[in-house]
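Notes to accompany the following structure.
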Amino acid sequence: MTEQNSTPVTLTKNPDGPTKTKLKLQERLAAVENPAEPRQRIQIWSLKREKKKKKKRKKKGEMHSFGYRFNALLTFAVTILALMCAIASLSDNLNIPSPSAEIQIVNINWFQKHRQGNDEVSLTMNISADLQSLFTWNTKQVFVFVAAEYETTKNSLNQISLWDAIIQAREDARFWIHTSNKYRFVDQGIYLRGKEFNLTLHWHVMRKTGKMSADKIVMSGYRFPEEYR
Amino acid sequence: MGWIGESIDSIKSIQIRQLLTQAVSLGMIVTSALIIWKALMCITGSESPVVVVLSGSMEPGFKRGDILFLHMSKDPIRAGEIVVFNVDGREIPIVHRVIKVHERQDTGEVDVLTKGDNNYGDDRLLYAQGQLWLQRHHIMGRAVGFLPYVGWVTIIMTEKPIIKYILIGALGLLVITSKD
């Protein structure tokens, strides 16, 4: 035993199966017997670990490592996308809009009591507005509409949209339009004669990312005629 | 071919303890999804907090396949808001914008008329026969935010059910064969 241990070189030259395993066993034994040789020990340990790893890899298969990589990449990409969206929507807070609008009622085309018993009116307006300051690089569209708002003894609030538009570009956000009401202006009841009402320009901003927001300009002091015409 | 054989091997090598662990983790996934959905219902106050846009009637604001987040608060409904409503006799809810509001003086009830931004006329044709206004109870919530494209997954899955089964099968196999 001690003899063979002293001459390992000659043995490795002879690649016989059993002798080789014998040698390995002897090597291990020697390492246990002689702890002064840490190098050998380490080698054996690492061999063992390699074998274990190989076994594990074989068990799991390659599919998993691909799946894990793909998952990690996807998670990372989505995180970055979410972060960028958050920054973009936060950047909208830096913009302080200062829109302006003016609405003129040019003509009351007609004003009647309906057969069902509701007042209906048709009117022509001049609308001019400058909403350019609402637009930032994160704005998808601005929905703008003019609503007549008034209170009657029956209803605490009536909102009737008269005209609306979708603005998608900053260049189109400054406009002047001469129009009659796009939607029918019908009251619930017969309360419109001599009634005072507001015309309100509302806008709803839809962003590419982030919250939708809305605001309005109220213009008051409009009045219906005292008699049907 | 390699990994199929290995997958079969791994299925064969499953022990009862592993099987239990996998069943529990699968249950965890399902229940956590349910918990998130119910929690969203509580927070938003809407019976379906997330809806998918199915038509182009709100273009260019909302396109087919966008996901909308709904919120149902006590705030009164006002013109210009985008609401999701159910019409009697119609299964699928509709997402449109409010154009007329009449709020009653004594009871506070509201009559609401809606219209799709991309439609020519108002929604009276979509409402039930003879219905002129929407009331509060028709409205499921108002849209507060949206996520583009994500809803396509649902649209594709409802229109082509085969893809749904393939996807569920693949996911199930992945859960069974994974060891961690």
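Throughout, a chain's letter reflects where its sequence line sits, starting with A, and its residues are numbered from 1.
- For CD of A:Glu102, the number of neighbouring non-hydrogen atoms (other residues, nucleotides, ligands) closer than 6.0 Å is 12 at most.
- Considering only residues two or more places apart in sequence or on other chains, A:Glu196 meets the salt bridge (charged side-chain N to carboxylate O under 4.0 Å, His left out) condition with A:Arg223.
- A salt bridge (Lys or Arg N to Asp or Glu O under 4.0 Å) check over residues 134-143 of chain B, counting only residues at least two apart or in different chains, returns the pairs B:Glu81-B:Arg142.
- Interface with chain A: from residues 107-125 of chain B, residues B:Asp111, B:Lys115, B:Asp117 qualify, criterion being any non-hydrogen pair under 4.5 Å.
- Of all the listed residues (A:Asp164, A:Ile160, A:Asn155, A:Leu162), the one sharing the greatest number of non-hydrogen pairs under 4.5 Å with chain B is A:Asn155.
- Within the 4.5 Å cutoff, the side chain of A:Met212 has no heavy atoms near those of the B:Phe146 side chain.
- B:Arg64 CZ: more than 12 foreign heavy atoms inside a 6.0 Å radius.
- A:Val186 touches chain B through its backbone: at least one of N, CA, C or O sits under 4.5 Å from a heavy atom, while the side chain does not.
- Heavy-atom minimum distance, A:Ser156 versus B:Gln105: CB-OE1, 3.2 Å.
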task = Could you please spell out the steps behind the side-chain contact (heavy atoms from CB on, under 4.5 Å) verdict for A:Phe145 and B:Arg97?
result = CA-CA 11 Å; A:Phe145 68 100; B:Arg97 198 184 290 274; 5.5 Å; no

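- Counting heavy atoms of neighbouring residues, nucleotides and ligands inside a 6.0 Å radius, atom CD1 of B:Ile162 does not exceed 12 of them.
- Evaluation of the side-chain hydrogen bond (donor to acceptor under 3.5 Å, both in side chains) rule for A:Arg184 yields A:His114, A:Glu120 as partners, not counting sequence neighbours.
- Using a 4.5 Å heavy-atom cutoff, the side chains of B:His102 and A:Gln159 are not in contact.
- Interface residue A:Thr153: only backbone heavy atoms are found under 4.5 Å from chain B.
- With a threshold of 4.5 angstrom between heavy atoms, B:Ile82 approaches chain A through side-chain atoms but not through N, CA, C or O.
- Interface check for chain B: of the options A:Lys154, A:Lys211, A:Glu151, the most heavy-atom pairs under 4.5 Å are formed by A:Lys154.
- In this structure, no portion of B:Phe69 lies under 4.5 Å from any heavy atom of chain A.
- With a 4.5 angstrom heavy-atom cutoff, A:Ile166 touches chain B only via side-chain atoms.
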request  = Check the pair B:Lys100, A:Phe185 against side-chain contact (heavy atoms from CB on, under 4.5 Å), reporting the backbone distance first and the verdict last.
outcome  = CA-CA 10 Å; B:Lys100 289 182 188 180; A:Phe185 189 164; over 6 Å; no

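- Between B:Pro60 and A:Gln168 the shortest side-chain heavy-atom distance falls below 4.5 Å.
- Other residues, nucleotides and ligands contribute at most 12 non-hydrogen atoms within 6.0 Å of the CD1 atom of B:Ile92.
- Of the atoms belonging to B:Arg78, heavy atoms from both backbone and side chain fall under 4.5 Å from chain A.
- In B:Tyr149, the OH atom is not crowded: 12 or fewer heavy atoms of neighbouring residues, nucleotides or ligands sit closer than 6.0 Å.
- With a 4.5 Å cut-off on non-hydrogen atoms, A:Lys182 does not touch chain B at all.
- With a 4.5 Å cut-off on non-hydrogen atoms, A:Thr152 touches chain B through its backbone but not through its side chain.
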